[in-house]
J.: 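Below: one structure in structure tokens.
So you know, we letter chains A, B, ... as the sequences are listed, proteins then strands, and number each from 1.
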Amino acid sequence: MADFKPNEMMTIAAARALKNDDVCFVGIGQPSAACNLARLTHAPNITLIYESGTLATKPNILPLSIGDGELCETAITTVSVPEMFRYWLQGGRIKVGFLGGAQIDKYANLNTTVVGPYDKPKVRLPGGGGAPEIATSCGEIFIIMAQGKRSFVDKLDFVTSIGHVSGGDSRAKLGVKTKGPTKLITDLALFEPDPNTKEMTVVSIHSGVTREQIQENSGWPVKFAVKVAETPPPTQRELDVLRELHARTNRAHAEAA
Amino acid sequence: MADFKPNEMMTIAAARALKNDDVCFVGIGQPSAACNLARLTHAPNITLIYESGTLATKPNILPLSIGDGELCETAITTVSVPEMFRYWLQGGRIKVGFLGGAQIDKYANLNTTVVGPYDKPKVRLPGGGGAPEIATSCGEIFIIMAQGKRSFVDKLDFVTSIGHVSGGDSRAKLGVKTKGPTKLITDLALFEPDPNTKEMTVVSIHSGVTREQIQENSGWPVKFAVKVAETPPPTQRELDVLRELHARTNRAHAEAA
Amino acid sequence: MARISPLAEAIKSAVRDGDTVALEGFTHLIPHAAGHEIIRQGRKGLTLIRMTPDLIYDQLIGMGCVSKLVFSWGGNPGVGSLHRLRDAIENGWPHKLELEEHSHAAMANAYEAGAAGLPCAIFRGYIGGDLPKVNSKIKRVTCPFTGEELAAIPAHRPDVAVIHAQRADKAGNVMIEGVLGVQKEAVLASKRSVVTVEEIVDELPERSLNAVVLPYWTVGHVVEVPGGAFPSYAQGYYPRNNNFYKEWDAISRERDSFLSWMKENVLAKGPEVFARYGRKHRVAAE
Amino acid sequence: MARISPLAEAIKSAVRDGDTVALEGFTHLIPHAAGHEIIRQGRKGLTLIRMTPDLIYDQLIGMGCVSKLVFSWGGNPGVGSLHRLRDAIENGWPHKLELEEHSHAAMANAYEAGAAGLPCAIFRGYIGGDLPKVNSKIKRVTCPFTGEELAAIPAHRPDVAVIHAQRADKAGNVMIEGVLGVQKEAVLASKRSVVTVEEIVDELPERSLNAVVLPYWTVGHVVEVPGGAFPSYAQGYYPRNNNFYKEWDAISRERDSFLSWMKENVLAKGPEVFARYGRKHRVAAE
């Protein structure tokens, strides 16, 4: 078995969740790495859309920002940002939206706004960006976040974008017709919402990780599914493609300086 | 003095009303001829916009339709029709809008919808097209129409687009901030709104035309300004440019067939 | 998801009796060949939407395919009346035609809202005129910040959009250039779509970074019909045949001359007759 | 009406103390040189609008030009925090900063509505989250046809828009390619505008029939500032300098290092320093 880092497992597990005919709204960082890894391995025709307006882009290196020239040059076309949010996101043309955040709760609501009170924050975070409407307009949401007690919290300081709200049918009761978070991929495990309570529940534990580790890195009593699988470890090919993608990216960014 | 037709006088008088720095929303037919005549004579930098989305177009021949290829090829760019109506017309970026109609009343309200009752029309006309919002969104409106008892009527069968409504401040009372019809150019005379009543009033009579002719071809008792000018007859150059434009247009349309 | 199909199959699969259909095109790229196929297949009870219904709508109405028209300007541009449309409204021939009449601004906003997944559009319009008296779909919404009353209309959400474009690639990505009209919005607002194109190419040619492209997963049937916009035009391929528009006035004026023209030129023919108009007129980038 | 001006004159004439200013750019074409000129001229009490305030806003805030920020995502993309923005919010340094916080969808719609001359925008958004609790500008409007509650926000109508573009012609027609962001909307929504460009050419080059062009009568000052987007990029001219974005993290972390960098690189310099970044990187059509 190849040697791998938890972070690599997280990216690879997220990539595996994507299908060849998916249309994805891609965020910068982990989501971008996962989506492009999928495209470079099992999902060559996956459609990647970045909120800067680039449609069906096929970057050779990972962008640092959401609107790097590489994304535009390899896209089928680039639309304005108002069009992106009106025709493409709100128009219901995105199947999978990727989100992350500084804090998540057990219903996969996310906070990317503040730690502490809004008016007197302890840490001011960047803010919602596209997330509030990505969370409700995409067909379903995948969340990628490394686990830890400061990020997996019992109560969010601020709800930037909703997941399953307070569980059960509370999301649907707000008039939202999309599925919301269907997968939460961490560095330790894969969570999916319980069909009834909608609480994010561990369905697969990454190779070499224990239940105790998952609990220690969560701020609430974690639920485990009746049948919990073991996430297959990264294949050599997955690791090679991911590492080469990162190496290529680093070389390109260094050259451009 | 050159020999000319009333129709030519009408087009030329309309062209003269346009200035080099005007931005015009151009309709097909007489307005298009007048605007391009202005461009080819005293107003070479006039900006012509057709509702098909063509911005700052400089057609060499007159288009038959609002979206002929000639308009697009000579434009600085062509935008979509939703953008045209949202950013350009409603956005307040058009100074002069040209309108015509099947019927006009003394306050320059226009009917291009039906003759007779709406539900059981005697003659079904094409309808409003862009007119309802051109009439209220452009800085001011020029109307070109040949006079006659069937078109210059006491009461419209249908108000497709408003002019000065029922006169006085009735237009402003509807919340409309633009000027409305400031010129009505006919084959016989030039009308402008009375500053108080807003009734369209003859301010200039075309060369060779009598007050009686104007009255005979109007369905209401026509008001004449205190000082009525005589419209200078077409110059030879105006006639030459207009006739050559029409001839070039006819040759091009015949060739394309 | 784009599927490359023959025209008859595309229309059969996408357009059903009673559907709401938008065959769009603002002078440019009007889908005449697709409209003829709808007539040949004898569709009935259609609600047709279009900003500028012209010859192809005159033909669909005259052939009895249409029960309702949603529109803002119905004429033969630069020529005059649409005689079949008038005959339907004024005399109920071949049968009664229900009208839902708007302004261009309203129609453009309704398509835009449909593409944007909204239930309605708001705009500054319909002030003072009579159209709101005859169209119950025109309402008012008050701006919660300024108190201004704005016009509100329902979004267009057709069952089917039918458009013509210059080209598609083999995956079904469709590229449009020139006078764009509301075609992109019409396709994005519709449940299904049929896109006829001048040519299907291996890959879309070199293009602007911001070219107007409908990606393959947003379109339905893609059909190669060279010349399929005639007598409208395809920028870069062939010009508008203004003479045919003038000739249509005489052809369509009487019911008999109309019917015999339709029989000879539409019912007895197939989409292949359009190919002779589809010659390349000039290169696209010129 | 476009006027070709030097940068200092353009900013002096267009941007006044207390103005609402949108220096827009979505990663691409961020008007850094123009922002530096605003700092050099010592503008105070500005309300800055931008979807993605990044380095240039960090600089304007840290230099005390800004009293209010209207935004949806304030960070150093792919790197981390904006330390000057955080210092202003968390510690009130150099003074208190009022926030009006939105989502991207809201901001994009607010610019779009501003460009369209509307008082407000409606969209499907802000469902369930906490932003409406801290932003009183977020209201609801009910669709008169379906009863659906939609989010409503006031249109952006800045006093001034400041953008950077690839090129303008001598008349002042401005052409933009690549990642477009909301720049066209920002200019159309604003009372005044300053457009810096990589180059002013005799005539706009051969372009797509649907190229993104702001015609001369819709823009204010046009200023040639080669390299004026650095460390952002200008598609067709030079790439994004990702390393500078990373370096900014260290420069801006402490007040002292920030102030000395600003003194040396902004206050003591002029727009001509950007020219060395403005080399042609590749041709536009590639």
Side-chain angles (χ1 to χ4, degrees), chain A residues 28-29 51-54 63-73 78-86 89-90 109 111-114 118-137 156 158-162 165 170-171 174-176 252-254 256-257, chain D residues 25-28 51-52 54 71-82 85-86 89-90 99 101-109 111-112 115 123-131 133-134 148-149 177-185 212 233 235 239-246 286:
Chain A
I28 284 303
E51 67 189 6
S52 56
T54 54
L64 184 68
S65 83
I66 201 80
D68 279 18
E70 173 82 7
L71 294 174
C72 179
E73 288 158 19
T78 297
V79 301
S80 75
V81 166
E83 178 177 327
M84 175 52 68
F85 280 93
R86 289 176 67 82
L89 182 63
Q90 182 178 262
N109 304 295
N111 172 19
T112 58
T113 304
V114 280
Y118 184 80
D119 288 328
K120 190 68 192 148
K122 210 162 85 187
V123 183
R124 174 65 221 197
L125 303 164
E133 284 75 27
I134 292 170
T136 54
S137 293
L156 300 180
F158 191 94
V159 180
T160 309
S161 61
I162 61 166
V165 193
S170 57
R171 179 182 169 95
L174 291 173
V176 183
H253 288 182
Chain D
F26 204 87
T27 299
H28 183 212
M51 293 186 68
T52 54
D54 70 344
F71 79 112
S72 40
W73 193 88
N76 184 341
V79 178
S81 288
L82 292 177
L85 171 63
R86 283 187 55 181
I89 299 174
E90 295 169 15
L99 295 185
E101 187 163 1
H102 282 286
S103 67
H104 277 355
M107 291 284 286
N109 274 290
Y111 278 120
E112 206 278 349
F123 65 104
R124 184 176 296 110
Y126 282 135
I127 304 172
D130 284 344
L131 276 169
K133 297 179 187 164
V134 298
E148 181 178 355
E149 283 219 330
E177 291 177 292
V179 170
L180 303 169
V182 292
Q183 284 101 297
K184 176 172 163 178
E185 286 75 15
V212 179
Y233 71 107
Q235 187 91 43
R240 190 172 193 267
N241 193 302
N242 286 327
N243 267 5
F244 185 87
Y245 279 83
K246 291 175 185 164
E286 231 177 26

J.: Would you give the length of the straight line joining atom OG of A:S65 to atom OH of D:Y233, rounded to the nearest 0.5 angstrom?
T.: 6.5 Å
J.: Pair D:V134, A:F158 - check side chain to side chain contact (heavy atoms under 4.5 Å, CB included), show working.
T.: CA-CA 10 Å; D:V134 298; A:F158 191 94; 4.0 Å; yes
J.: Measure D:E90 against the heavy atoms of chain A and call it side chain, backbone, both or neither at under 4.5 Å.
T.: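 For D:E90, heavy atoms of backbone and side chain both lie under 4.5 Å from chain A.
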J.: Counting only non-hydrogen atoms closer than 4.5 Å, does D:L99 touch chain A with its backbone (N, CA, C, O), its side chain (CB onward), both, or neither?
T.: side chain
J.: Please classify the contact between D:M107 and chain A as side chain, backbone, both or neither, with a heavy-atom cut-off of under 4.5 Å.
T.: neither
J.: Name the region of D:F244, side chain, backbone, both or neither, that has any atom closer than 4.5 Å to a heavy atom of chain A.
T.: neither
J.: To check you understand the geometry: which heavy-atom pair defines the closest contact between D:G178 and A:T78, and what is its length?
T.: O-CG2, 3.5 Å
J.: Kindly give the heavy-atom pair with the smallest separation between A:D68 and D:T27, and that separation in Å.
T.: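 It is N-CG2, 4.0 Å.
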J.: Roughly how far apart are A:L89 CG and D:R124 CZ, rounded to 0.5 Å?
T.: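 Here the rounded value is 10.5 Å.
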J.: Ignoring hydrogens and angles, tell me if any N or O in the side chain of A:E133 forms a donor-acceptor pair with the backbone of D:Y126 under 3.5 Å.
T.: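 Yes; at least one donor-acceptor contact below 3.5 Å.
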J.: Between A:Q90, A:M84, A:R171, who has the most heavy-atom pairs with chain D when the cutoff is under 4.5 Å?
T.: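 Option with the greatest count: A:Q90.
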J.: Could you look at D:K133 and say if it's the side chain, the backbone, both or neither that has a heavy atom under 4.5 Å from chain A?
T.: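 It is neither, since no heavy atom gets under 4.5 Å.
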J.: If you measure from CD on A:E70 to CZ on D:R240, what distance do you get to the nearest 0.5 Å?
T.: 13.5 Å
J.: Of the backbone (N, CA, C, O) and the side chain (C-beta and beyond), which part of A:K120 lies under 4.5 Å from a heavy atom of chain D, both, or neither?
T.: side chain
J.: As an exercise: rank A:S170, A:S52, A:G69, A:G129 by heavy-atom pairs under 4.5 Å with chain D and give me the winner.
T.: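 It is A:G129.
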J.: Which is it for A:E73 and D:Q235 under the side chain to side chain contact (heavy atoms under 4.5 Å, CB included) test, yes or no, and what are the steps along the way?
T.: CA-CA 9 Å; A:E73 288 158 19; D:Q235 187 91 43; 2.7 Å; yes
